[in-house]
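Step one of this worksheet: look at the structure below.
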Number of protein chains: 2
Amino acid sequence: MARFDILPQPVAHVAEQQPALMPCAACDVRELTICDALRGREIDRMAQIVTRIPVPAGRTLFQEGDEADHVYNIIDGSLRLFKLMPDGRRQITGFLFATDFVGIALKKRYAYSAETITDSVICRFPREKLEALFAELPALETRLLETAGNELIAAQDQMLLLGRKTAVERVASFLLHLTRRLEARGLKGNKIALPMTRTDMGDYLGLTVETVSRTFTKLRRDGLITTPTPHEVEICDLDGLREVAEGS
Amino acid sequence: MARFDILPQPVAHVAEQQPALMPCAACDVRELTICDALRGREIDRMAQIVTRIPVPAGRTLFQEGDEADHVYNIIDGSLRLFKLMPDGRRQITGFLFATDFVGIALKKRYAYSAETITDSVICRFPREKLEALFAELPALETRLLETAGNELIAAQDQMLLLGRKTAVERVASFLLHLTRRLEARGLKGNKIALPMTRTDMGDYLGLTVETVSRTFTKLRRDGLITTPTPHEVEICDLDGLREVAEGS
DNA sequence: CGGTTCATTGATTCGCGTCAATGCAGGTGG
DNA sequence: CCACCTGCATTGACGCGAATCAATGAACCG
């Protein structure tokens with residue numbers, strides 16, 4: 001992955017990286033992103049409004065309440081989206097990885113904050129220009145509506161998890177969710193990278209660090225997973241993990 | 001509200017109600033629904049594919065896993081959308097009222113079940129025909145994308161509630177949510193109708209009936225609300241309720 | 001090499017769930 | 001009209017699962 005030492009905060013003010021046309025034509029995750037809705041010369045229309053930016057780990061892309069002037073595609077790396085309460089309680093509403101789109105749900109202002117977890121590469125679009133493209137490229141809007149639908153379904157699953165599942169069911173569901181994601185991309189799903197910390201997982205699953213840690217220990221003891229390092233999980237018993245996740 | 005004694009289950013097989021063109025032109029909530037995206041003769045295109053159906057309380061519109069062949073607009077009444085776990089645990093993902101749209105997030109099958117809470121009137125659209133209209137009426141798709149964005153933002157708020165808020169914060173947030181909804185429609189928001197049961201509220205807020213009931217009692221004792229009947233709430237101290245909801 | 005961050009584990013606490021009982025309102029049938 | 005039933009809301013007593021508080025050790029880093 002690229003070096004990032006030189007980039008100043010905030011990301012939104014970083015200088016453009018390169019001539020506009022290059023990145024999209026050569027993008028190696030294009031067919032997995034919203035840009036897949038486009039063909040041939042249409043790609044160039046996108047390329048004219050996009051900026052590809054490397055972002056080091058731990059940077060804030062934007063904060064809840066900021067003017068929502070850009071949307072993003074994740075090309076490489078990982079982000080967390082989250083909301084904060086006045087007293088500091090945090091709810092992570094999603095982890096994003098390569099090919100994910102940030103900013104479907106936009107009013108005038110962002111409804112959540114976004115930070116990089118690892119060094120990442122993002123494509124940034126001025127929101128107005130993207131929306132102006134809808135008239136010209138209706139397939140783009142259809143693709144976004146489809147993406148929004150998928151996110152809504154995921155959000156409903158997460159509500160079930162947060163409202164009704166036990167700690168061990170939450171962690172098992174989380175691991176299975178990551179597994180399915182890998183497999184949907186044609187990768188083997190039994191070895192999972194966990195770029196986020198235990199605290200991040202807790203804030204995503206409605207638990208504390210300690211409970212997440214204890215739950216990993218329990219799943220390990222029960223022979224369902226192994227953790228070669230704290231940031232890697234191998235699933236040993238997929239069916240067993242499924243049973244745990246569904247409470248059966 | 002209409003009489004419903006004659007209607008058989010399932011709703012989806014109920015006979016068409018009336019000649020197609022009438023209902024949309026005369027619809028008195030049209031400008032608050034997705035149909036507001038349409039003008040003049042466009043309304044007639046919608047009217048050609050819609051069926052307006054009265055549904056009594058307690059009916060199932062569709063179940064999680066059913067073939068997702070229709071989408072719905074709520075004209076009058078109230079519904080609950082929910083997911084079930086194998087052992088019967090239930091998470092209500094949303095309450096719907098007049099002007100709400102059901103079915104934005106659709107794959108091949110419904111991701112949740114839908115039931116009427118009170119006697120209701122719904123508009124039913126064959127999904128394929130609605131999607132076919134997108135090409136002809138692009139404003140419709142734009143409106144749906146906007147609606148999906150609003151739902152996503154609401155879902156993220158609900159994740160914060162379920163993952164990080166205490167019982168009293170959840171109930172207070174719920175009441176404020178209903179208040180804002182009323183006010184967004186130009187109605188006074190301090191008197192709220194609660195068509196759903198305490199159990200429904202619990203299953204929406206990730207609590208038990210008993211905890212919901214005790215929390216209402218506490219809010220009453222603290223002078224923040226009164227409950228003329230179990231299905232009506234009057235907010236006495238809006239600012240106080242806001243402070244409770246945000247944990248400050 | 002001291003300092004920071006992170007993961008893990010143990011001891012204890014506490015908020016909410018579970019279990020149980022009561023009362024009220026509405027519906028039904030005799 | 002009344003006896004009975006059912007569903008719902010409320011309240012109390014008690015228990016448990018996860019949070020809180022606290023300590024330790026490993027990895028990383030300037």
Side-chain angles (χ1 to χ4, degrees), chain A residues 4-5 56-58 80 85 87-92 115 117-119 161-174 193-221 225-233 244 247, chain B residues 5 56-58 80 85 87-92 115 117-119 161-172 174 193-221 225-233 244 247:
Chain A
F4 299 100
D5 345 325
R80 57 184 162 246
M85 291 178 65
D87 61 3
R89 277 175 283 175
R90 184 177 68 155
Q91 179 65 39
I92 292 184
E115 292 174 357
I117 295 172
T118 56
D119 293 348
L161 181 151
L162 292 169
R164 287 298 178 225
K165 291 191 180 181
T166 65
V168 66
E169 288 165 1
R170 294 182 199 205
V171 172
S173 298
F174 175 59
L194 298 172
M196 70 294 289
T197 66
R198 297 287 188 265
T199 301
D200 285 340
M201 294 183 222
D203 285 350
Y204 180 61
L205 299 174
L207 301 170
T208 59
V209 210
E210 295 93 328
T211 299
V212 171
S213 184
R214 278 188 257 269
T215 305
F216 269 97
T217 301
K218 174 175 170 44
L219 292 174
R220 223 181 293 122
R221 254 199 330 259
I225 63 170
T226 60
T227 52
T229 77
H231 291 285
E232 294 170 274
V233 177
V244 169
Chain B
D5 345 326
R80 58 184 161 246
M85 290 179 65
D87 61 4
R89 276 175 283 176
R90 184 177 69 156
Q91 179 66 38
I92 292 183
E115 292 175 357
I117 295 173
T118 56
D119 293 347
L161 181 150
L162 292 169
R164 287 297 178 226
K165 291 191 178 180
T166 65
V168 66
E169 288 165 3
R170 294 182 199 204
V171 173
F174 175 59
L194 298 172
M196 70 294 291
T197 67
R198 298 286 188 267
T199 301
D200 285 341
M201 294 183 221
D203 286 351
Y204 180 61
L205 299 174
L207 301 170
T208 60
V209 209
E210 294 94 330
T211 299
V212 171
S213 183
R214 279 188 257 267
T215 305
F216 269 97
T217 301
K218 174 174 170 45
L219 292 175
R220 222 182 293 123
R221 255 200 329 261
I225 63 171
T226 59
T227 51
T229 76
H231 291 284
E232 294 171 274
V233 176
V244 169

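Below, chains carry the letters A, B, ... as their sequence lines are ordered, and counting in each starts from 1. Every heavy atom of this structure was used, including side-chain atoms; hydrogens, water molecules and symmetry mates were not.
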Candidates B/L162, B/T166, B/V171 - the one meeting side chain to side chain contact (heavy atoms under 4.5 Å, CB included) with B/L207: B/V171
Main chain of B/P230, side chain of B/R198: is a donor-acceptor contact present, judged purely on distance under 3.5 Å? yes
For the pair made of NZ in B/K218 and C1' in D/dT11, what is the distance, rounded to whole Å? 16 Å
Select base, sugar-phosphate, or nothing to describe what A/T197 touches, counting heavy atoms under 4.0 Å on all strands. sugar-phosphate
In this structure, how many angstroms lie between the C1' atom of C/dT18 and the CG atom of B/L207, rounded? 14 Å
Quick check on C/dG15: is either OP1 or OP2 less than 4.0 Å from any side-chain nitrogen or oxygen of B/T166? no
Using atom CE of B/M196 as one end and atom C1' of D/dA9 as the other, report the distance to the nearest whole Å. 15 Å
Any donor-acceptor pair under 3.5 Å from A/D119 side chain to A/A57 backbone: yes
Rounded distance in Å - NZ (A/K165) to C1' (D/dG17): 18 Å
NA contact type, A/R220, heavy-atom cut-off 4.0 Å: base, sugar-phosphate, or nothing? sugar-phosphate
Can you find a side chain N or O atom of B/R214 that sits less than 4.0 Å from OP1 or OP2 on C/dG15? no
Looking at C/dC19, does its base get a donor-acceptor pair with the side chain of B/E210 below 3.5 Å? yes
For B/Q91 and B/D203, indicate whether the former's side chain and the latter's backbone hold a donor-acceptor pair under 3.5 Å. yes
D/dA26 P sits how many Å from A/R198 CZ, rounded? 17 Å
Kindly say if B/T208 contacts the phosphate of C/dC16, meaning a side-chain N or O under 4.0 Å from OP1 or OP2. no
Could you tell me whether A/G206 contacts a base, only the sugar-phosphate backbone, or nothing, with contacts defined as non-hydrogen atoms closer than 4.0 Å? sugar-phosphate
So does A/R164 get a backbone contact from the side chain of B/R89, meaning a donor-acceptor N/O pair under 3.5 Å? yes
For B/S213, report the nucleic acid contact type (base, sugar-phosphate, nothing); a contact means any heavy atom under 4.0 Å. base
d(CZ, A/R89; C1', D/dT20) in whole Å: 14 Å
In whole Å, I'd like the distance from the CG atom of B/L194 to the P atom of D/dT10. 11 Å
Rounded to whole Å, how long is the line connecting atom CZ of A/R221 with atom C1' of C/dT9? 11 Å
5'-most contact on DNA chain C (nearest-nucleotide basis), A/H231 vs A/R164, goes to A/H231
